[in-house]
K.L.:
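What follows is a single structure, and I will ask about it in a moment.
Hydrogens, waters and symmetry mates are skipped; everything else that's a heavy atom, side chains included, is used. Owing to the predicted nature of the structure, the values given are computational and were not obtained by experimental measurement.
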Amino acid sequence: MRLERELMRGAGPVAVLRLLSVRSMYGYELVDALARRTEGVLAMGQSTLYPLLYNLEAKGLIQGEWREGEAARPRKYYSLTGSGKRRLESDSKQWAALAQAMTALGVIGPEAEGVGA
Amino acid sequence: MRRDHESPRATAVSVPAAPRREEDAAASFGLPGPISDLINRTVRSTRLWRSERAEVARELGSHFAEGLAAGRSERDLIESFGDAGAAARLIRRAVKRRRPLVWRAAAKTAKGAGFATLGLVVLFVVLAVRFSMGTPTVSRNVTAELNARHAHVPMSERAWPVYIRAVPAFTRESDVFRSEWPGVRPGDDAWGATVAWLRDNAGALEIIRDAASRPTLGVDIGNTYDPDYAAAKAEAMGEAFGPLEPSANPMLLEVLLPQLGEFRAFAVALMQDAYVAVHEGDGDRAVANLVAISGLASHSQQQPFLISALVGIAITAMQSEHVVRLLRERPGAFSDANLRELAHLLGSPRTDDAMRIDFAAERAYFEDFVQRVYTDDGRGGGRLTPEGFRLLRALDSLSMDAVGTHRMTDSIVGPLAAIVVGNRREITSMHTRLMSEAQAIAAQPLWRLDTSRFDAIVDGITATPILTARYLPVVAIVPVVPRSYASAETVRCRRDAALVVIALELHRRRHGDYPASLDELVPVLLPSLPIDRFDGNPLRYALRDGRPLLYSIGVDGLDDGGVPPKQGPNGAGQWRSPAELAASLATPIGRDRHRGDWVFWPVMEPREE
């Protein structure tokens, strides 16, 4: 299942911030992690990921740094900034509230079974 | 694979230098041709700065290299990349947000300015097209209307063709005399030459007297000179005189009134001849000249322009002033019959008519102007036309020569002027309002004359250059109207004083002395007591050592017992609004000019400071 564009626009940045809160990651690694860990729901191609990263960087939420590691290929690693951490904290609360509200409405959760059937 | 995902902090060994070109950046990963092409095509499409393109190419190259290293096929990677064009647009938008704040601010400003400029250009083009399509509807021929008023009078009975015959003498005459006329007396340096010139040109003066006796002036006005007049001038000057292209419907603004200049010269010469006549004991000739001067003033008024009225008033003012001086000069030169004729002349409807201000003519003048400046929507509205703009520009520079030039400037400034200059309805409304105020002013006696409402309106529409431009058609034509009325009223006062002086002389001849009061002159020698136009009471009169003293309290409104201002009596007879008078009397020069009485008798000469 792939998300609608509007939903992806809201969920993508917070998902990337969450992944980078654990450790620094480079672009391909982020694409791979998003696809694998969300079972394809938040999978995004390069044409979506890199503009998203540049936007987050422009807002000062993440910062990139080129490094050459054991792979002998230069990689640009992205890590969370202080602002990024605060934004992730704020966004996480909002998503939790949203999930709670959607559950209460029966949009998600046990009561959602059969919706749209 | 797993090792590649380990923390970079443990494995980083160096920070590689970024290639400077996107092609080098992609190539540095040794990627297959199709992938390198995709990267280069995408990055080129972003139209970012070169360093930004190299950075993006390097990151995309790194991404594809990681994919290949992870075992994914070249085709799979290209397909998962998505649309290159869409990717380029999104990347461009995102990367530009990373640019310095100053650059982004400048870019937004430039973009805003660009849109604003574009908007203004579009607006200007719309205005220019609308402006250029406007044409005035000239439906009225005011010049023809004015000429039609005397069309029924045969040429043989008109005054103007006769006046023309006197023109050559005055065209050849030197200005030396005119600068000192009238008032050159025996003993003055110019007396001998003056007498000689007047004797040599007695024929011309007789022609003027003949012309001035005719009721109708009968000059056909237009934007060219009367052919007979032009021929007379050319003959006297020995060169061509003013050949112009005649217009069937010339605007009043460009109508020529050469008779006014001639009339002033004629009047001055006749008055000077009256001085010579009284010294020769020829009272009849002096009176004949004064009668002719009234005719000239009346003829000036027959063209209903404000300038014509002002010339008529000025001629009458000179006549009234010098009648009194002639009586001082040689009272014995005038017979009783001469004096009675003079009194009847100065009190006649013809002399009254010569001091008239015609507001209806000013309205016609304005309406003629408006019909040539604006379009006409048939409901009183209309907008400025290119032709109207050129007329306004000419009016502003006071030169009709400017009409028809500067076409390039007109095409740029004209549409903008159409925004600034008031439309037809607005201008007409303002003109009507001002003329209504002027009419109210003319209904007041001079001593209650209040121009403050009129002046406030004029001040309001000339407060700024933009407002002046907005109401230019009104500003350029109207403001002198109320002051012209005040000027006419003070001339009436001078004329009334001349009537009293004549009556006093007749009284002296009949009774051997002057009356103790002006009441003794009424009704035999004066129909009624003349009013002092500065307070509404009778003119002041007293006997001092058996000699009469006649005066008005003057513009300052105070009776100073017949003591004139230090600079002489005439300054006291110049009307000023209350505000202007207060400002003048606050200065020494103003007090010397306006503080005191306007003394008519005995005759006092002006004194310099």
Side-chain angles (χ1 to χ4, degrees), chain A residues 2 5-6 8-9 12-13 16 19-37 40 42-81 83-84, chain B residues 1 3-19 25 28-31 38-39 42 46 48 52 55-56 58-70 72 77-99 101 104:
Chain A
R2 297 290 296 265
R5 180 182 293 181
E6 289 304 316
M8 190 65 179
R9 190 173 288 169
V16 169
L19 289 174
L20 294 179
S21 70
V22 178
R23 61 179 174 81
S24 301
M25 299 176 84
Y26 55 92
Y28 186 84
E29 192 179 9
L30 281 166
V31 170
D32 187 48
L34 283 167
R36 245 181 333 98
R37 292 179 60 179
L42 292 179
M44 57 178 83
Q46 288 157 281
S47 60
T48 305
L49 175 73
Y50 287 103
L52 188 155
L53 289 173
Y54 298 153
N55 276 328
L56 293 174
E57 199 175 20
K59 291 174 183 173
L61 302 177
I62 63 172
Q63 60 186 11
E65 183 184 22
W66 281 100
R67 291 173 187 165
E68 197 158 356
E70 289 180 1
R73 281 186 300 276
R75 292 168 172 163
K76 191 173 184 181
Y77 283 89
Y78 291 94
S79 56
L80 224 52
T81 64
S83 297
Chain B
M1 178 82 180
R3 286 181 63 182
D4 288 350
H5 289 179
E6 288 175 356
S7 169
R9 296 183 191 285
T11 55
V13 292
S14 64
V15 178
S28 67
F29 292 97
L31 298 169
L38 175 64
I39 292 173
T42 303
T46 63
L48 291 164
E52 291 169 336
E55 171 74 7
V56 172
R58 193 178 182 207
E59 187 154 19
L60 293 179
S62 169
H63 185 100
F64 279 108
E66 293 294 340
L68 291 171
R72 293 176 66 185
L77 286 169
I78 289 174
E79 282 179 357
S80 68
F81 181 79
D83 178 59
R89 280 194 300 278
L90 290 170
I91 289 170
R92 172 180 169 75
R93 197 180 301 160
V95 170
K96 281 174 70 179
R97 291 192 183 119
R98 297 192 308 188
R99 288 178 178 174
L101 182 64
R104 281 183 284 144

K.L.:
Against chain A, label B/Phe81 side chain, backbone, both or neither, depending on which of its atoms sit under 4.5 Å from a heavy atom there.
P.N.:
both
K.L.:
So, for B/Leu90 and A/Pro51, which heavy atoms are closest and what is the spacing to 0.1 Å?
P.N.:
CB-CG, 3.5 Å
K.L.:
Shorter than 4.5 Å, heavy atoms on both sides: which option in B/Gly67, B/Ser80, B/Gly61, B/Ala84 has the most such pairs with chain A?
P.N.:
B/Gly67
K.L.:
Can you confirm whether more than 12 heavy atoms, excluding those of B/Arg93, are under 6.0 Å from its CZ atom?
P.N.:
no
K.L.:
Would you compute the distance between atom CG of B/Leu38 and atom CD of A/Gln46 and round it to the nearest 0.5 angstrom?
P.N.:
8.0 Å
K.L.:
Measuring from atom CZ of B/Arg97 to atom CD of A/Glu57, what distance do you get when rounded to the nearest 0.5 angstrom?
P.N.:
13.0 Å
K.L.:
B/Arg104 versus chain A, heavy atoms under 4.5 Å apart: side chain, backbone, both or neither?
P.N.:
neither
K.L.:
Hey, could you give me the CD1/OG1 distance between B/Ile91 and A/Thr48, rounded to the nearest 0.5 Å?
P.N.:
10.0 Å
K.L.:
Under the 3.5 angstrom rule, does the side chain of B/Ser62 hit a backbone N or O of A/Pro74 as a donor-acceptor pair?
P.N.:
yes
K.L.:
Heavy atoms, side chains only, cut-off 4.5 Å: are A/Trp66 and B/Glu59 in contact?
P.N.:
yes
K.L.:
side-chain contact (heavy atoms from CB on, under 4.5 Å) for B/Glu66 and A/Asp32? Distances and angles first, verdict last.
P.N.:
CA-CA 11 Å; B/Glu66 293 294 340; A/Asp32 187 48; over 6 Å; no
K.L.:
Do you know the tightest heavy-atom contact between A/Arg73 and B/Ala65?
P.N.:
CD-CB, 3.5 Å
K.L.:
One pair to check against side-chain contact (heavy atoms from CB on, under 4.5 Å): B/Glu55 and A/Lys76. What are the steps and the verdict?
P.N.:
CA-CA 10 Å; B/Glu55 171 74 7; A/Lys76 191 173 184 181; 2.8 Å; yes
K.L.:
Will you find, in the side chains of A/Tyr54 and B/Glu52, an N or O donor that is under 3.5 Å from an N or O acceptor?
P.N.:
no
K.L.:
Heavy-atom distance under 4.5 Å to chain A: side chain of B/Ala86, backbone, both or neither?
P.N.:
neither
